[in-house]
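This report concerns only the one structure given below.
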2 protein chains.
Amino acid sequence: MKCPEGSLQVVRKHGKERQKKSAKRSAPPGGWNADAQSMRTIAQLAGVSSATVSRVINGSTAVREETAERVRQVIREQRYFPNTSAITMKYGRSGTYGVILPDITNPFYPDFVRNFEAILLERNLELLLATTDFHTARIQQSIRRMLVRRVDGVAFLSSEEERDSLAALVHNRVPVVTADLQKTAVGVSDVAIGFAQGMAEAVRYLHGLGHREIGFVGGNEGITTSNVRRDSFVAAMQGAGLAVHEELLLTGDYRISGGVAAAESLLQIKRRPTAILTANDLTAIGVLRELHRRGVRVPEEISLVGCDDIEYCDIVSPPLTTLRISRLELAQRYMTALEAGRDVTQKGKQYWVVPTLVIRSSTGPAPKAVRKKRQK
Amino acid sequence: MKCPEGSLQVVRKHGKERQKKSAKRSAPPGGWNADAQSMRTIAQLAGVSSATVSRVINGSTAVREETAERVRQVIREQRYFPNTSAITMKYGRSGTYGVILPDITNPFYPDFVRNFEAILLERNLELLLATTDFHTARIQQSIRRMLVRRVDGVAFLSSEEERDSLAALVHNRVPVVTADLQKTAVGVSDVAIGFAQGMAEAVRYLHGLGHREIGFVGGNEGITTSNVRRDSFVAAMQGAGLAVHEELLLTGDYRISGGVAAAESLLQIKRRPTAILTANDLTAIGVLRELHRRGVRVPEEISLVGCDDIEYCDIVSPPLTTLRISRLELAQRYMTALEAGRDVTQKGKQYWVVPTLVIRSSTGPAPKAVRKKRQK
DNA sequence: TTGAAAGCGCTAACAC
DNA sequence: GTGTTAGCGCTTTCAA
């Protein structure tokens, strides 16, 4: 189909004719022009050049107030709004920050997104969201999406360590902020959760309640953030002078299902713990659910501590004791890191968010007495 | 600051010099060029014109295979990726769909986003997310964000009816798909939930269990989707030949807090219902929580039915009976509607998703006998 | 089969 | 104080 009707095409509208093009557009009787308007349209209607329109929009003082007002008037009448892709093209930056998440169905992340979006909105910035479902391929795809959209920075909350993929961002001058990797690199900052303190506090608290056999259900095997949490737990136990039993160190998947599975295994073990710490609340909820199903009472027989403090901690029964990680603080830290990291030739900085222990009803005194009685 | 150092600026790099500009960029020793690459860079390295590079990237057959391969080689070596804002500018469309949500912390929506994102990904499309927190100002702001980013369509799941704001989208040739308004307009399609059937099924089920005094806790007062749900409930009751008592028709806010508040009121009322239907699961969870706190047993004293079937229905105790709305189906319907609605001069279509009743443990036989005994 | 060049909307450097 | 114009990266005629 090469336009058989032809002749029309012969009229080339090149060169100087460009100027005339949008002049031909006339507003329909109903009101304003349905076509996307450009600055030229506005300029012509206001009897100025597009440069002046640009100046008015960007608040340049070098425009006579009278002219500016006329331009603003036309802008309002025409309901004109700028085309950000032109601006993006001009500057090579898009006023957009990317957020890469592992799993948007974990309530922790929507909460983060909500806070982060609010911060961006204040700065008139945009959010580009990508979720990875813990898949490496999706991570790489997400990073590419960020690159082609020319984002100004990436908040990378996907737990997996992806140095190589992230390098592509840094090479393209896109600062990156990772989650909880506890290390930085050129162009890559990190926001870590103070699990050392958090786990220490939780273990101390449980120890104070008389617990000595404490189990841990981590996140996905091999993922960096899982390791950090597990190691922090182990360190906390040692710090409290408690023995860590390998068989009580389980892995989950940061989801309810993983908690359920871990609880199943835990109940098979002879050395049953009197308390369980988990890598996140969903895991704890899964554990709770399985314990409940098996008729194990919480906290009478086993105490349970989650991590994150998602809203649902408070609706399960018993409400979960948990290590709260403030999503607002996290979002703020990310924004700070992103802004401070704009120069990707510099080494990134390390930021911290310290969790706080929120005590609810899933924890109680260790059941020594109870167990002894039963065993008789 | 008008460049006092002057002389350097005198060398204007205009006109034909443009061609030379990127030729000066040389790849650093480490490997590939850290500057964002353009097609010109690739073209020069491959010894072709940028038009040819474009053809190769877009799979035009009119390129000799040998040339094409050479170009692909350079693209790989240079890790080149296109700049979408240039494409957006060229076409006036961005390959992005906007999603406007009321509240991303309601697990229903992340679930939707997840499914919708997956569908977009298949089509190589992007997602622009905005949340409104039920505020009109935020809705308008979101719509503007969609406009300036030149989205190709908007999935508007924010419950409030915003005909006027949405008109701005349609005027700019952006098709809109609303949620559950049960009406369409030029350029505006709608995906509605079959609450008529759903509520009828739920009421029939409860009626079958002997319930006659059934209460309803809706969503935010005055919001269209709230009205639809309440009206569907009322119709369902009438259809089942049951009386609707005004005092048993309460409003909530689609959140846990609203359910809590509604339950408080409900327990004050003399005519205590034996069953409660709610506008969504969060509301039901709130009701459940308050009933639990007040020592009212579910389902022995009061049966409870939610709506949505979020994951947390299954972790509260007792697990919630609910009207399941499939997020996958919803996302698919939205995509279909968005694609079918591309011609904004046509009237939109009405689509439906029918909920299904999922029976868990929060519902049981009406407690007639129990109550009578107690009253003695 | 390939290249040259216009043009998408915007900004900024420069001219007046 | 305002206008003119190049140029951001890409696609797409049209010409060769």
Side-chain angles (χ1 to χ4, degrees), chain A residues 2-3 6 8-22 35-44 46-58 60-68 70-71 80-94 148 150, chain B residues 1-3 6 8-19 21-22 35-44 46-68 70-71 80-95 148 150:
Chain A
K2 288 247 171 197
C3 280
L8 242 94
Q9 303 303 98
V10 175
V11 182
R12 291 179 55 191
K13 37 166 186 162
H14 284 169
K16 289 298 147 191
E17 273 195 88
R18 173 180 181 175
Q19 301 299 334
K20 294 177 195 162
K21 184 194 164 240
S22 28
D35 265 355
Q37 326 238 334
S38 75
M39 281 194 172
R40 273 213 316 288
T41 330
I42 304 302
Q44 281 160 348
V48 298
S49 75
S50 63
T52 299
V53 176
S54 174
R55 289 188 188 104
V56 171
I57 287 178
N58 296 298
S60 161
T61 52
V63 181
R64 202 165 13 123
E65 177 52 29
E66 193 186 308
T67 316
R70 188 151 34 98
V71 170
Y80 165 81
F81 51 88
N83 182 335
T84 51
S85 54
I87 302 175
T88 299
M89 191 152 100
K90 180 78 182 157
Y91 290 129
R93 44 199 340 275
S94 62
V148 301
R150 292 292 188 275
Chain B
M1 282 280 242
K2 289 246 170 195
C3 279
L8 241 95
Q9 304 301 101
V10 174
V11 181
R12 292 180 55 193
K13 38 166 185 161
H14 283 168
K16 290 298 146 190
E17 273 194 86
R18 171 179 181 174
Q19 301 298 334
K21 183 196 164 240
S22 28
D35 265 356
Q37 326 239 334
S38 76
M39 280 193 173
R40 273 214 316 287
T41 330
I42 304 302
Q44 281 160 347
V48 297
S49 76
S50 63
T52 299
V53 176
S54 174
R55 291 189 187 104
V56 171
I57 287 178
N58 295 299
S60 162
T61 52
V63 181
R64 202 166 10 124
E65 177 51 30
E66 193 187 310
T67 317
R70 189 153 32 98
V71 170
Y80 166 81
F81 52 88
N83 182 334
T84 51
S85 56
I87 302 176
T88 299
M89 192 154 101
K90 181 76 183 159
Y91 289 131
R93 44 199 337 276
S94 61
V148 301
R150 292 293 189 275

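A, B, ... follow the sequence lines: proteins, then strands. Residue 1 opens every chain.
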Exercise answer: donor-acceptor pairs, residues 59-68 of chain B side-chain atoms, under 3.5 Å, sequence neighbours excluded:
residue, atom, partner, partner atom, Å
S60(B), OG, A62(B), N, 3.1
E65(B), OE2, R72(B), NH1, 3.4

Name every donor-acceptor pair, under 3.5 Å, that has one atom in a side chain of residues 80-87 of chain A and the other anywhere in the protein, sequence neighbours excluded.
residue, atom, partner, partner atom, Å
N83(A), OD1, S85(A), N, 2.9
N83(A), OD1, S85(A), OG, 2.6
T84(A), OG1, V148(B), O, 2.7

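Rounding to the nearest 0.5 angstrom, the gap separating the CD atom in Q44(B) from the OG atom in S49(B) is 11.0 Å.
Across the protein-nucleic acid pair, Q37(B) atom CD and dC10(D) atom P stand 10 Å apart, rounded to whole Å. Atom CZ in F81(A) sits about 10 Å away from atom P in dC10(C), given to the nearest Å. Distance CD1 (I42(A)) to C1' (dC10(C)): 13 Å, rounded to an integer number of Å. If you measure from atom CE of M89(B) to atom P of dC8(D), you get 11 Å, rounded to the nearest angstrom. Note: CD (Q44(A)) to P (dG9(C)) measures 12 Å, nearest angstrom. Atom CZ in R64(A) sits about 9 Å away from atom C1' in dT2(D), given to the nearest Å. Taking atom CE on M39(A) and atom P on dT4(D), their separation rounds to 16 Å, with Å as the unit. Atom-to-atom, NZ of K90(A) to P of dC8(C) comes out at 16 Å; the value is rounded to the nearest Å.
Put simply, the side chain of R150(A) never gets that close to the backbone of G92(A): no donor and acceptor are under 3.5 Å apart.
Residues passing the salt bridge (charged side-chain N to carboxylate O under 4.0 Å, His left out) test with R93(B) are D152(B), sequence neighbours excluded.
Looking at residues 48-58 of chain B, you'll see V48(B), S49(B), A51(B), T52(B), R55(B) sit with a heavy atom under 4.0 Å from some atom of DNA chain C.
Side-chain proximity of N83(B) to the nucleotides dC8(D), dG1(D), dC10(D) is greatest for dC10(D). Picking from dC10(C), dC10(D), dG1(D) the nucleotide with the shortest atom distance to the side chain of P82(B) gives dC10(D).
Residue R70(B) is the one, among R150(B) and R70(B), whose nearest nucleotide of DNA chain C lies closer to the 5' end (criterion: closest heavy atom).
In terms of heavy atoms, A43(A) sits closest to S50(A) at CB-N, 3.5 Å.
Within the 4.0 angstrom heavy-atom criterion, only backbone atoms of the sugar-phosphate kind lie near T67(B); the bases stay farther away.
Put simply, Y91(B) has no side-chain N or O that comes within less than 4.0 Å of OP1 or OP2 on dG9(C).
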